[in-house]
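The next block holds one structure in the form of structure tokens; read it before the comments.
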Amino acid sequence: MRKPIIAIDGPSGVGKSTLSKLLARELGFVNLDTGAMYRAVALAAVQHGVDPDDDAALGRLAETVVVDFDRDAGTERVLLDGEDVSAAIRTPEISLLTSKVSACPAVREALVRRQRELGIRGGFVLEGRDIGTVVFPDAEVKFFLVASAAERGRRRFLELQAKGVAVDLAKTVAEVEARDAADSGRTHSPLRRAADAVAIDTTARGIDQVLAEMLQVVRSRQSAANSGKE
Ligand code: DC
């Protein structure tokens, strides 16, 4: 029996990455961080000197670069043409550039195709902005995570601080809000909740609590699907 596809969408700082990794581990599925793919293309644009306003060149770049995930060592590493870029794709500068690069239709087409090729066999938890609406509109389970911008900014601030990056809380919250506006306001595949997605507010709840709720949803869908087959 084909394993399901689980879509997790929502704005930045909502807990998607942590929760999708944990959910995938609990279920024995593979986690796919689609944001890392957009980030890697943005970094490649810097490395190759591609003008971020040149949509055609960005599209060609997204078609040719190879973004891989190395999950062997226990922690996930993001590889861009074989090079470990896990840290380089997470700087505030690349975050901002990724918002722009990910609005380019040709980039989206190339990456969505790749995401579908990977996820189609099932047993995948994909996290992003358009998984439940565009990449896999027929995903068996869809989640849409939300949290206040102030809380998401605070989480991002703590994350960057822990990595030794010099950051300012108010500036980080403002950056989160700017990215939200860009991700939700773009013409191509804006961030929005699929009508059939289960919405979960993570603002005042711990990871364990949210994970338990997500697992419950997945398991009840699985048992409903199994009993439908009997
Ligand atoms: O989830 P993240 O913060 O790593 O995403 C980085 C950027 O990529 C963010 O601006 C939204 C964009 N993105 C997207 O447009 N579509 C996706 N499926 C995933 C991320």
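Just the heavy atoms: all of them, side chains too, but no hydrogens, waters or symmetry mates, feed the values below. Predicted model, so just to flag it, every value in this text is computed and none were measured. Whatever order the structure lists ligands and atoms in, that order sets their numbers, starting from 1.
Under the 3.5 Å distance criterion, the side-chain polar atoms of D9 are matched with a main-chain donor or acceptor of D130. Remark: side-chain polar atoms of R155 are paired, donor with acceptor, to backbone N or O of G13 under 3.5 angstrom. Of the possible polar contacts, one joining the R186 side chain to the S189 backbone as a donor-acceptor pair under 3.5 Å is found. The closest donor-acceptor contact from the side chain of R156 to the backbone of T172 lies at 3.5 Å or more, if one exists at all. In this structure, R77 contributes its side chain and D84 its backbone to no donor-acceptor pair below 3.5 Å.
Within 6.0 Å of CD on Q216 lie no more than 12 heavy atoms contributed by other residues, nucleotides or ligands. Around CZ of R116, the count of heavy atoms belonging to other residues, nucleotides or ligands within 6.0 Å exceeds 12. The local environment of CZ in R192 is sparse, with at most 12 non-hydrogen atoms from other residues, nucleotides or ligands closer than 6.0 Å. No more than 12 heavy atoms of other residues, nucleotides or ligands lie within 6.0 Å of NZ in K171, so this atom counts as exposed by the packing criterion.
Where the criterion is an N or O separation shorter than 3.5 Å, residue side chain and backbone included, S95 fails it with respect to ligand 1. Here's the thing with E127: none of its N/O atoms is less than 3.5 angstrom from an N/O atom of ligand 1. Inclusion of T98 in the set of residues having an N or O under 3.5 Å from an N or O of ligand 1 is not warranted. At a 3.5 angstrom cut-off on N or O pairs, R108 counts as close to ligand 1.
Summary of contacts: the protein heavy atom closest to atom 4 (O) of ligand 1 is R39 NE, 2.7 Å. Closest protein heavy atom to atom 19 (C) of ligand 1: T34 OG1, 3.4 Å. For atom 10 (O) of ligand 1, the nearest non-hydrogen atom of the protein is D183 OD1, 3.2 Å. Looking at atom 2 (P) of ligand 1, its nearest protein heavy atom turns out to be R129 NH2, 3.6 Å.
At a heavy-atom distance under 4.0 Å, no atom of M37 approaches ligand 1. When non-hydrogen atoms are compared, ligand 1 lies under 4.0 Å from the side chain of R186 (C-beta onward) but not from its backbone.
Using a 4.0 Å cut-off to heavy atoms of G35, the atoms of ligand 1 that qualify are 4 (O), 5 (O), 19 (C), 20 (C). For ligand 1, the atoms closer than 4.0 angstrom to any heavy atom of S102 are 12 (C), 15 (O). Interface atoms of ligand 1 facing S99, defined by a heavy-atom separation under 4.0 Å, are 10 (O). Proximity to D130 (heavy-atom distance under 4.0 Å) selects the following atoms of ligand 1: 16 (N), 17 (C), 18 (N).
Shown are V125, V210, N31, V14; of these, the side-chain contact (heavy atoms from CB on, under 4.5 Å) with L19 is made only by V210.
Every heavy atom of Q115 sits 4.0 Å or more from the atoms of ligand 1.
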